[in-house]
Each structure stands twice: as C-alpha cells, then as structure tokens.
Amino acid sequence: MPMSCHIYRQVPRKAVVEKPARVAEREARALLEKNRSYKLLEDSESGEEAVGSNGSSLQKKRKRRKHLRKKHQEDEEEEEEEVSESGKRKTGGSKSPTEEKPASEDEWERTERERLQDLEERDAFAERVRQRDKDRTRNVLERSDKKAYEEAQKRLKMAEEDRKAMVPELRKKSRREYLAKREREKLEDLEAELADEEVLFGDVELSRHERRELKYKRRVRDLAREYRAAGEQEKLEATNRYHMPKETRGQPARAVDIVEEESGAPGEEQRRWEEAQLGAASLKFGARDAAAQEAKYQLVLEEDETIEFVRAAQLQGDEEPSGPPLSAQAQQKESIQAVRRSLPVFPFREELLTAIANHQVLIIEGETGSGKTTQIPQYLFEEGYTKKGMKIACTQPRRVAAMSVAARVAREMGVKLGNEVGYSIRFEDCTSERTVLRYMTDGMLLREFLSEPDLASYSVVMVDEAHERTLHTDILFGLIKDVARFRPELKVLVASATLDTARFSAFFDDAPVFRIPGRRFPVDIFYTKAPEADYLEACVVSVLQIHVTQPPGDILVFLTGQEEIEAACEMLQDRCRRLGSKIRELLVLPIYANLPSDMQARIFQPTPPGARKVVVATNIAETSLTIEGIIYVLDPGFCKQKSYNPRTGMESLTVTPCSKASANQRAGRAGRVAAGKCFRLYTAWAYQHELEETTVPEIQRTSLGNVVLLLKSLGIHDLMHFDFLDPPPYETLLLALEQLYALGALNHLGELTTSGRKMAELPVDPMLSKMILASEKYSCSEEILTVAAMLSVNNSIFYRPKDKVVHADNARVNFFLPGGDHLVLLNVYTQWAESGYSSQWCYENFVQFRSMRRARDVREQLEGLLERVEVGLTSCQGDYVRVRKAITSGYFYHTARLTRSGYRTVKQQQTVFIHPNSSLFEQQPRWLLYHELVLTTKEFMRQVLEIESSWLLEVAPHYYKAKELEDPHAKKMPKKVGKTREELG
DNA sequence: GAGCACTGC
C-alpha cells in the first residue's frame, strides 16, 4: 500500500471539498471498519497457532488489533496487563480466550460512537488550527509596513555587526595566508627549531649530515609539488561530470576509484614514491627516525616512553598545499561575485541545472567548502524556480548553520535577510511573505508537514548534510520521497559528503549522483605501532611530542566527555609547568557544550606568536564548530554515544569506538587552513578491522514517541512499513505505539485521537505534552509549563565547578521543596523570574544562565502553543498537589514503588535507584514517578516526584487496577521510611 | 554518593 494516499488525504483542499458528504462517508466507513474488525477477530483467532513467535509484523499487527479490540469488551480490571505487554506475551494472554460476548454489543456500539465522535472532533480541531495559521499569515501581510520597518532596523544592526565581524575575519584571512606560508616553509622551520633546541639543550649532536639530509628532502618535495600541480589539473577535468548509478551498480566504491585511477595516469608510481619520501621528510617521530630522535625526547619529556606513530595514509586534499586559499585572493578584490565564481561548484553550474531539470531527485556529493549550500539555491533562484510564489527550502541539521548560511546568501544576493532570503529555526522565524529562499533546520521542515503535508508552496527541497543522518533528516527522507511521487514537479536535492551517496541514490529509486569536488588540504594520517592501554595518558604524551617536535600550528584533541577533558587539561598543564621554559608556551583550552559561554569563547582567540594552542574537545568540534588554525588532530578513536533499549525504555550513554566515517571527519579538521596531520591513537589494523564503517543512525538508537505521533498525525498508519532509509528496531516502534495508546493519543484501532492531535502540536515528548494537556483539568497550566520547560533542558541547570563543589551543592539544596525534583525545578525558575531573569542571580546560585534562558524560550513557545491547542492559562496558586497530579497524568507510565529490596518499576518490576542528585535521595518515599531512566553505574531514575498510589487510579484508570497498587509489604516497612507524606502537598 | 556526547522541534 503506497504511503502517498495517506499523506494526500491530508491535503487541505481535498478535505474542504469533501465536507458535505462527510457524515455519510464516516458512517459508511465506520460500518466497514466495524465489519472488518470483527472479521479480523475471527481471523486471528483461527490463525493463532500459525503465528509463531516470529510471525510477520502484519500478523502481529492483526493480533494486536484483535487484542485491543478484545480488551475493550472485557472488564476494565483486566485491561492493563495486556497493554503493558508487548507482542510476545500476547500469545499466552489470548490462549485462554474469554468468550467473545456479543452481549456487549451495546457497549461496543457506544465506544464505536465515541470513537467516531472523537475523530470528528479531531478533524475539526485540525481544521481550526489550519484556519488560525491562515489568519496569522494574513495578519503578517497587513502589518507588513511595520514589519518592513522592523526588518530594516534589524538589518541595519546586523550590517553594523557584520562590519565589526569583518575585522577579525580579515585578520583570520591574513593568518590563514601566514599559516599557508609557514606550511611551505616547514622544513626551514624545522631547521630553526633544531637550532633552537641546540641552543636550549646544548646538544651538539645535531650533525651536518642531518641538515644535508633535510635539504635533500626539501628538493624532493619541491619536485613532488610541481608534479602534483600538474596532476591536480588532470583530476579536476576527470571529475568534471556526473554519473548515473547504473554505471556503478554493485561497485559502491567506484566513485572514489575513478578519481584514483584517472589522476594517476603516467608517472603515478613515481608520484607515490615521491609522496612517501615527502611523508618521511615531515615525519618527525615516525618509526624510521625513532632511533635517532629518541634521545632528544627524553631530555624534554622526562618520560621513558614516547609513542611511535606510523604514517599510513593520506586523506586526499583537493587544494594545492602551496597555494594560499583562493577565497582569500578573491576577498582582496572585494568582489562578492568573484568569490562566488571562485567556488568549486561554479564551473558545474550549467551541468548541475541541466541535471536538476532532467531528474526529479538528484543526489549531490560534495565536501564542505564546495559552496553547494550557498550557491545551489541561488542558481535555482536565478533559473526561475521561485516564480509564481514558489519557495526553495534548504535544510540544515543545526540552527547556527541555517542562520549563518542564510545571512551569507542574503549578502551575496544583495537583499535584506528576512526578505527574499530568510531562515526559520525554533524560537526564531526570520522570513516574510516575500521569502523565496528559505534556510531552515530539518526539524522545522518536518513540523511544516503538519500544516502543509504536500509541501505545496515549495518547488525545490534540498536536504543538506544528509550524511549526518540525524533523526529529522531520516524522517524527512521518507516523507519527501512519498510527496515526490504525487508531485512530479517537485525537485528534491539530497546533499551529502562523499559518504553513503550510493545508498541515498538507491533509496530514491536510483537517482543520479552529481559530484562536486571540495576544497581541502591533504592530511597525513599516522597510526600508533601498538595499541595504547591508557589513551588519556597517551594523549598527553602525544600532545607534548607534537609540541616539541612539530612546526607551528594548533592541536585539536578529541575526548569523550567533560570529565576526561578536565583530567587531560589538568595533566597537560601540570606537565607544562614542570617543563617550564624548556618548551615553548602551550595554551590548554577545553571545549564542550556545557562549558559556560565565556570559557568557550576562549578557543577562538588567536594564538599569541611563539605559543601553540591545544584545544581539548568533545565531539562538538567534529561538526558543530570550526576552530581556525588547527593543523594537528589527535584522535583516540572514542566517543560517547546514546543508545536506547526499547524493552526497558532505558537510555544509556556509553563510551564506544567511533566509526571510520567519524574518524575521517575528525582527521579532516586538520586540513582546513593548510596541509595537516592526524595522529590516531590506535593501529592501522584496528582502523581497518575494528571500526564500524559508519555511525549507527540516530533513528535506530533513540526513543521514537514523538516521531510516531507526528507520522500518525500525517495520516501514516502503517508505521511498520513506512519507507525508512534505515528502519528503527521493531520493538522501539511497538513501545512507542503502546505508550501513545496508554496516553490516549491513539484509540484502540491505532487511530489518532483528538488528544493525540493536540499532543502532536507540541514540540516535546508525548508524556510531556500529555502532562501539559492535563494541566487544564487541574488548573495549573502556568506551573506545568514551567516544569515542562525546565525538564526539556537536559540536566544542565545546576553548575558545579570543581573548586566550589561544596558551595554549589549547598546552593542546590537551598532550592529543595518537599514533593520532589519537579517542584524544585519550578522553584528555581520562579525565583529566577522574580529576580528579573537576572544573570547575576544565576551566578550567585550556581545556576547555568544559558540553560535558564533556554528554558524561558521553551516556556514562551509552549505558552504560545497552549492557545493553539485550546488550553487556557491558569495558576494553582501554590497548591502543589494539583501540579503533581497533572505531572502524574503524563508520567503514570514511569512509576516506581519501594519494596523491601529497593525500588521497582511498577509495570516491568525492574530494579531502579533514585539518582543521588535528587532532592528525594534521602527520603525514599514509597511511591514515586520519574522523568527518565538512565543507565550509568546503576539504573538511575532522574528527576523524581513523590506521588500517592491513589492518584494513579485517578489519572489512569485504564492503565492501573486497584489490586496492583496495594502494597503487600506495607505493614512490614519500617515506620519512617516510605511513609506517605500527606502533609506535604 | 554519582558524574550527562551532540543536535533538534
């Protein structure tokens, strides 16, 4: 069953046309549905034995239907056991078929009527939302004068800021040139350095022979360079075309091979040899020189062991190492058009446009720096793809990227940002009715499907950075592929780095691949000779090795997390202190997402002359930010990765070896300003045999609650057969469906309910949005919004610097309120708001200002959406029981009770623990609810709230039965521990 | 008594 029918059915025009016949059609459909479900019941009953434990998903689904259907007829007391169980136990559960009572026909009629009424209401709600959106657009049009003024002001401000930004930019450019020059002279530098060492350490052993050797090597390299310049030209010509996948089918690596083969025409062997020689020349502590060099290291490094690296490969660069970057030259001409023409994509303009005209879907393969993101949408604009009010969308995985790229394109086109060119990200919509080039985050385009399921106002959709495989891009693929089928005039561009283009092509029905060369300097890759046991120690030693032996250029080290980074920085600083003036100055700078902004900014300050900067970073430096001047990359080969266990609903963050793709991305960071080097702290063998080819896509290691809700609200019912590029685990989808059913977002037929449609409007997890909707009933939406906003900034509220641990912990305890962590969060936010959202207040209370500001943004957005989902703003005026009950309405799925052997989750009977940072850590209430379950050293519940078991029956009677909530051990419990604290509220 | 990579709506 093609998915397109589902989406197409959601297109507004059609819904309006259908309206008169609606009721009749509904009734007919209801009857059909009813008949069908009865038949299904019989089917699955008789087919029971045939469906083994590994029955097809279709069969499972039918069983599920039957199951849900059956449940409806049974006593309510029996229900929840079934819901909480996944496919496996269903067989057991239905083995004893309670008689299918036709006696309950009335009951069935009633629920059926309710269901239909709910669907009606849901559609009416969706229509109202649509109408409101339309009104809002009209308002914008009316207010266009005011808006234009505001935009002009905004633009003026930006222009000024641009000018300000220009100076450091120019400084950067000149520094780039300087570094390129330095690179050219690296052997001279080496000589100078050797001379330095001679003076410093008085070692006379630096022989003439050694210098003669260097001079010889330099000559060899000059020859090699000339040769490469010629070879480069040839390569450019060779890649100057796009190819159809048919030519390469079954040979996925072919694209790369072509470049290799064709660039290596005559003299290839000699070139390789010369390159090897060149490698040896720049190899300061490789295996070959090891013996000669060792003595000197020991003088500096004190350590007996230094790490041996072997140069094993080179990441091909497209940029001639000796030439300064073209863009720098062009910049001097101060001509934007010249810059545009200088980009690698420019020569391909016509060919590219022809290819786009001829094919609906085109995969564009190009490295960063090829100009594809900024230029292609402009080409399309120039070619007339935005006529008749049509728009071009270009998606980015990150907000900053969408913003900065849009700003640059606006500048290149000489228009105000927000007019013809705009961007659209969460909390910030810088577009107007005139906007035709729209840069946006991928999640934003996904949200647009809710209001415009066929993307009717877009003529082109370009999904950029597709290789990153974010959750949102992956979902977009499925939806766009579907939309493209019934909108043949829609053009789809998928832009990716060299990785995986064959797979994208295959997914989009063998779409052609268009290759654009990038602009990057070559990077030499070095591996260790033997595996390193302690990679942190190895990192520190290697950094010092590089510092002492290598020409200028900053170092970037990739570690897994804050703790490691802090440790490494400490060790480095310690060693530097001990070495004192024996080595040149080494600036050690940490960077990770949770580092306060002012500390983060330090890594962008230029390195003082004579010193060297070493940036110790998490994965944040792999894609999210680029640091100028990095020549050396040190890669231990690990990263922290989230994984999700759908059985327990538990996520964990574990240190795992990174993928080859990730390793290459890291290496590429060394080749952005000049030829660089990447030192990998593992062996070449490990790279070849132990690393995965690519990182597991996010969609396969995360919970999918809101994705399922979104797809359901787009009318996609059959999720098991949705066209995923890489399908998520079956269990993950099943758990998401079950949770949505329990939350009342889906009815027993798996259809979206009114409540579910509302939940889909809120950009938060289903349980959180359920909690927000429930706040209406308990008249505490003000408080609940705050709690929701605070929960959605990830545990980064409290700042805990190492040197002030005691103060920080005290400050945190001061916020504690009886009842639990949710109320503590509410308390923090309220006090902050009372301080006038002060940053000083944050500083004094060891609260992270950035997180609070984010919480405020989220809260404001949710407040706006509350009106959209027709929930009024009300406050409980300090009656926290109502707040806690509203939270329970969303999180009744996440409950735990205290037993004699500690906490157990109510449904899965899994042993869990209160996180030590929780305000309830020492209180151990009998019943509690948790926001999330994480596996670190133990299974911890993070953000817990004390509840009363009776509330569970109140908020989720369909999910809990009274018997289940009785406490058999109640009387045996010690008196103080686990006492329900009624006086709290 | 633990210790949370990175995004995004």
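Each chain gets a letter, A, B and so on, in the order its sequence line appears, and its residues count up from 1. Keep in mind that what you see is a predicted model, and the values were worked out from it rather than measured.
- In this structure, the CG atom of A/Leu559 is 15 Å from the P atom of B/dC4, given to the nearest Å.
- Nearest to the side chain of A/Ser624, among B/dC6, B/dC4, B/dC9, sits B/dC6.
- Side-chain contact, A/Glu690 with A/Tyr682: no donor N or O sits under 3.5 Å from an acceptor N or O.
- Within 4.0 Å (heavy atoms only), A/Leu653 reaches at least one base atom of the nucleic acid.
- Rounded to whole Å, the distance from CD on A/Glu698 to P on B/dG8 is 11 Å.
- As judged by a 4.0 angstrom heavy-atom cut-off over every strand, A/Arg426 is placed among the base-contacting residues.
- Where A/Lys938 and A/Arg398 meet DNA chain B, the nucleotide closest to each residue was compared, and A/Lys938 sits on the side nearer the 5' end.
- Across B/dA2, B/dA5, B/dG8, the shortest atom-to-atom separation from the side chain of A/Lys642 is found for B/dA5.
- In the set B/dA2, B/dA5, B/dC9, the nucleotide with an atom closest to the side chain of A/Met444 is B/dC9.
- Distance from the side chain of A/Phe921 is smallest for B/dG1 among the nucleotides B/dC6, B/dA2, B/dG1.
- Take the nearest nucleotide of DNA chain B for A/Arg701 and for A/Thr441: the residue whose nucleotide is more 5' is A/Arg701.
- By the salt bridge (charged side-chain N to carboxylate O under 4.0 Å, His left out) test, A/Arg942 is found to be paired with A/Glu932, residues two or more places apart in sequence or in another chain being considered.
- One finds no salt bridge joining A/Glu863 and A/Arg856 here, because no Lys/Arg side-chain nitrogen approaches an Asp/Glu carboxylate oxygen to under 4.0 Å.
- Note on A/Ile425: only backbone sugar-phosphate atoms sit closer than 4.0 angstrom, heavy atoms only; bases stay farther off.
- When all heavy atoms of A/Asn594 and A/Ser796 are compared, the pair lying nearest together is OD1-CB, 3.5 Å.
- Side chains of A/Glu564 and A/Tyr535: a donor-acceptor N/O pair is present below 3.5 angstrom, by distance only.
- In terms of phosphate contacts, A/Ser796 brings no side-chain nitrogen or oxygen within less than 4.0 Å of OP1 or OP2 of B/dC4.
- Between A/Leu450 atom CG and B/dG8 atom C1' there is a gap of 15 Å when expressed in whole angstrom units.
- With rounding to whole Å, A/His472 atom NE2 is found 5 Å from B/dG8 atom C1'.
- Residue A/Asn917 is in base contact, counting any heavy-atom pair closer than 4.0 Å across all strands shown.
- Judged by distance alone with a 3.5 Å cut-off, no donor-acceptor contact links the side chain of A/Arg942 to the base of B/dA2.
- Within the 4.0 angstrom heavy-atom criterion, only backbone atoms of the sugar-phosphate kind lie near A/Thr618; the bases stay farther away.
- At a threshold of 4.0 angstrom between heavy atoms, the contacts of A/Glu622 with the nucleic acid are absent.
- Rounded to an integer number of Å, the gap from CG of A/Leu862 to C1' of B/dC9 is 10 Å.
- Of all nucleotides listed (B/dC4, B/dG8, B/dG1), B/dC4 comes nearest to the side chain of A/Asn594.
- Between A/Glu761 atom CD and B/dC9 atom P the separation is 16 Å, expressed in whole Å.
- Rounded to an integer number of Å, the gap from A/Glu651 CD to B/dT7 C1' is 14 Å.
- Taking the side chain of A/Lys640 as heavy atoms from C-beta on, and the options B/dG8, B/dC4, B/dA2, the nearest nucleotide is B/dC4.
- Within the structure, ring-ring contact (aromatic ring centres under 6.0 Å, His included) pairs that include any residue of residues 794-815 of chain A comprise A/Phe815-A/Trp841 (at least two apart or interchain).
- Using a 4.0 Å cut-off between charged side-chain N and carboxylate O, A/Glu870 and A/Arg128 make a salt bridge.
- Distances were taken from every side-chain heavy atom of A/Ala593 (C-beta onward) to each of B/dA2, B/dG8, B/dC6; the shortest belongs to B/dC6.
- Residue A/Arg800 is in base contact, counting any heavy-atom pair closer than 4.0 Å across all strands shown.
- A/Phe427 comes within 4.0 angstrom of nothing in the nucleic acid, heavy atoms only.
- In this structure, A/Glu566 places its CD atom 12 Å from P of B/dC4, rounding to the nearest Å.
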